[in-house]
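Residues: numbered from 1 along the sequence shown. The figures that follow rest on heavy atoms only: side chains count, while hydrogens, waters and symmetry mates do not.
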Amino acid sequence: MFCSALSSLHFSFRLWCAWVLAVALSGISAAHTGLTVMNVFRYTAIRQNQLLHIWLSDINLEERWIDLNIEGAKNHREHRVPIVSSLYSSLEELVRKAGEAGMKLGDQIFNVGWFDLVRKSKYPEVMNEYPLRAFFRRLSWECKFTVTPHRFRHTVATHMMKSPERNLYAVKKLLGHVSITSTLEYIDESVDSLRDILETELM
């Protein structure tokens, strides 16, 4: 597959490759669901368990935010993430399709059972993590590198932390960290960036 040619490129671009391939791997009936899942991980940096605990009522398209429930949080704290423009259209379409399928406000929105009749009997109300794991396992195999929800989370945070003086507290809030120490782990200074800092500060 074409993803194997990207092994030397920056991982954020390789994730984009995986995102494109995800559309091809998704079935017609569930294609938009798979694409939206990828977009949510790509633009919100949430954890897999947080995604599985998003109900229809947690998505506010008018004010453009998603509430993340305490049940899905690693630190047992609720928080809210914004819906950016690049995510809005696919999320809006998913909410529309959920309404057409008869989903109620208290139902799990990222449940393939609502959008794929073949899986409806298997996941009538709540979907567990296994379909997601299988999807990312297949995606990783096709791309010849590991693709996981956490890699999206790490990529988003690392990219934003290239400007920690501006984004440190924003990343802390986005990731739902209690301690700033956890957020600081995402600062990954390369030799080139260290050289630039030394040139600026010492010369």
Side-chain angles (χ1 to χ4, degrees), residues 15 19 22 26 30-116 119-120 123-133 135-136 148-161 166-183 185-186:
L15 280 182
W19 174 82
S26 300
H32 194 82
T33 309
L35 176 60
T36 305
V37 166
M38 294 287 283
N39 276 339
V40 170
F41 286 132
R42 184 184 182 193
Y43 294 117
T44 67
I46 67 174
R47 296 183 175 92
Q48 174 180 279
N49 199 40
Q50 290 174 313
L51 180 96
L52 292 172
H53 285 85
I54 296 176
W55 319 128
L56 179 58
S57 60
D58 294 326
I59 298 175
N60 189 317
L61 293 173
E62 183 177 348
E63 298 185 17
R64 299 196 175 212
W65 47 255
I66 302 172
D67 268 337
L68 301 178
N69 295 306
I70 191 171
E71 294 89 349
K74 185 177 180 179
N75 57 13
H76 306 293
R77 294 166 66 98
E78 294 181 343
H79 77 284
R80 181 175 290 176
V81 293
I83 299 173
V84 298
S85 299
S86 298
L87 172 60
Y88 185 88
S89 59
S90 59
L91 202 56
E92 181 184 41
E93 179 68 7
L94 185 68
V95 169
R96 184 184 68 79
K97 288 182 178 295
E100 292 176 352
M103 187 180 291
K104 296 180 175 59
L105 290 176
D107 288 327
Q108 180 191 41
I109 189 165
F110 292 102
N111 180 348
V112 294
W114 284 100
F115 309 101
D116 185 345
R119 302 187 189 182
K120 180 65 177 175
Y123 304 109
E125 295 182 4
V126 177
M127 186 184 81
N128 57 29
E129 72 275 12
Y130 294 112
L132 275 178
R133 287 182 180 178
F135 177 76
F136 280 103
T148 65
H150 187 73
R151 294 296 291 270
F152 280 98
R153 180 176 173 85
H154 193 276
T155 299
V156 170
T158 301
H159 180 74
M160 292 182 68
M161 288 299 288
R166 184 177 71 245
N167 294 331
L168 179 59
Y169 288 97
V171 175
K172 177 179 178 293
K173 186 172 180 62
L174 178 66
L175 300 184
H177 287 159
V178 175
S179 169
I180 202 72
T181 304
S182 300
T183 310
E185 294 177 2
Y186 288 91

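- Annotation: side chain of Asp58 is not in contact with side chain of Leu68 (no heavy-atom distance under 4.5 Å).
- To the nearest 0.5 angstrom, Asn111 atom CG is 12.0 Å from Leu56 atom CG.
- In this structure, the side chains of Asn39 and Leu91 stay at 4.5 Å or more apart for every pair of heavy atoms.
- Asn69 contributes atom CG, which lies 10.5 Å from atom CG of Asn49 (distance to the nearest 0.5 angstrom).
- The shortest non-hydrogen separation linking Thr36 to Phe110 is CG2-CE2, 4.0 Å.
- Using cut-offs of 30° and 60° for the angle between ring planes, the Phe136 and Phe152 rings count as perpendicular.
- Distance check: Leu61 CG to Ser89 OG gives 10.5 Å after rounding to the nearest 0.5 Å.
- A distance of 11.5 Å separates CD of Glu185 from CD1 of Ile180, quoted to the nearest 0.5 Å.
- Across all their heavy atoms, Leu52 and Gln108 have their closest contact at O-NE2, 2.8 Å.
- Looking at every heavy atom in both residues, Ser179 comes nearest to Lys172 through C-CE, 4.1 Å.
- Using a 4.5 Å cut-off on side-chain heavy atoms (C-beta onward), Leu87 and Val40 make contact.
- Between Ile66 and Ile46, the closest side-chain pair of non-hydrogen atoms is not below 4.5 Å.
- Closest approach of Val81 to His79, counting heavy atoms only: CG1-NE2, 3.8 Å.
- Counting only heavy atoms from C-beta outward, the side chains of Val156 and Leu174 approach each other to under 4.5 Å.
- Atom CZ of Arg80 sits about 15.0 Å away from atom CZ of Arg64, to the nearest 0.5 Å.
- The distance from atom CD of Gln48 to atom CZ of Phe41, rounded to the nearest 0.5 Å, is 6.0 Å.
- For the pair Lys97 and Glu100, the salt-bridge criterion is not met [side-chain N within less than 4.0 Å of a carboxylate O].
- Contact of the Leu175 side chain with the Arg153 side chain is registered, since non-hydrogen atoms from C-beta on lie closer than 4.5 Å.
- In this structure the side chain of Gln50 never reaches within 4.5 angstrom of the side chain of Thr44, judged on heavy atoms.
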